[in-house]
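Everything below concerns the one structure shown next.
Given the structure is predicted, the values throughout are model-derived calculations rather than measurements.
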Amino acid sequence: MPHPGDQVRTMKALGEEGWPARAQHVAYIGDACVVRGSDDFDHADLTAVRGRFPGRHVTLDGDVITVWPQARSQ
């Protein structure tokens, strides 16, 4: 049975401030966020996404930036 937080939501409004210029697609998967680019992102792009998600673990892998879900408290 899927958990409500496992739903995939996509967002097309990339004209908002804070998304890198190379961003082509943003998907929210539960509490995670995946940003796909038209080309490889650079450190400035990573910094911009980190600014949108302060305190979250954000990683860069070529043309994908991932904002990882927050750890669940037990």
Side-chain angles (χ1 to χ4, degrees):
M1 172 183 274
H3 183 276
D6 294 336
Q7 295 176 346
V8 176
R9 302 180 317 276
T10 59
M11 181 179 133
K12 273 292 222 188
L14 296 176
E16 296 177 21
E17 284 187 35
W19 294 117
R22 285 180 262 268
Q24 295 293 304
H25 179 80
V26 177
Y28 292 88
I29 306 164
D31 196 28
C33 178
V34 178
V35 184
R36 295 195 183 271
S38 59
D39 197 5
D40 285 353
F41 290 114
D42 60 21
H43 186 70
D45 299 325
L46 179 62
T47 300
V49 174
R50 283 183 172 155
R52 289 185 71 101
F53 298 91
R56 298 279 297 273
H57 182 66
V58 183
T59 59
L60 169 62
D61 185 15
D63 64 347
V64 176
I65 295 176
T66 305
V67 181
W68 295 91
Q70 295 178 337
R72 295 183 184 181
S73 57
Q74 297 180 350

Open item on the list: How long is the straight-line distance from CD of Gln24 back to CH2 of Trp19, given to the nearest 0.5 Å?
Closed with: 13.0 Å
Open item on the list: According to side-chain hydrogen bond (donor to acceptor under 3.5 Å, both in side chains), does anything in residues 55-67 pair up with another residue at least two apart or in another chain? List the pairs.
Closed with: Thr59-Trp68
Open item on the list: Could you check whether any side-chain heavy atom of Val34 comes within less than 4.5 Å of a side-chain heavy atom of Val26, counting everything from C-beta outward?
Closed with: no
Open item on the list: Listing request: all salt bridge (charged side-chain N to carboxylate O under 4.0 Å, His left out) pairs with a residue in residues 18-30, at least two apart in sequence or in separate chains.
Closed with: Arg22-Asp42, Arg22-Asp45
Open item on the list: Donor-acceptor pair, distance only, cut-off 3.5 Å: does the side chain of Arg50 make one with the backbone of Val58?
Closed with: yes
TODO: Given side chain to side chain contact (heavy atoms under 4.5 Å, CB included), test Val35 with Phe41 step by step and report yes or no.
DONE: CA-CA 10 Å; Val35 184; Phe41 290 114; 3.9 Å; yes
- [ ] Evaluate the side-chain proximity of Ile65 to Leu46: yes if any heavy-atom separation is below 4.5 Å, no if none is.
- [x] yes
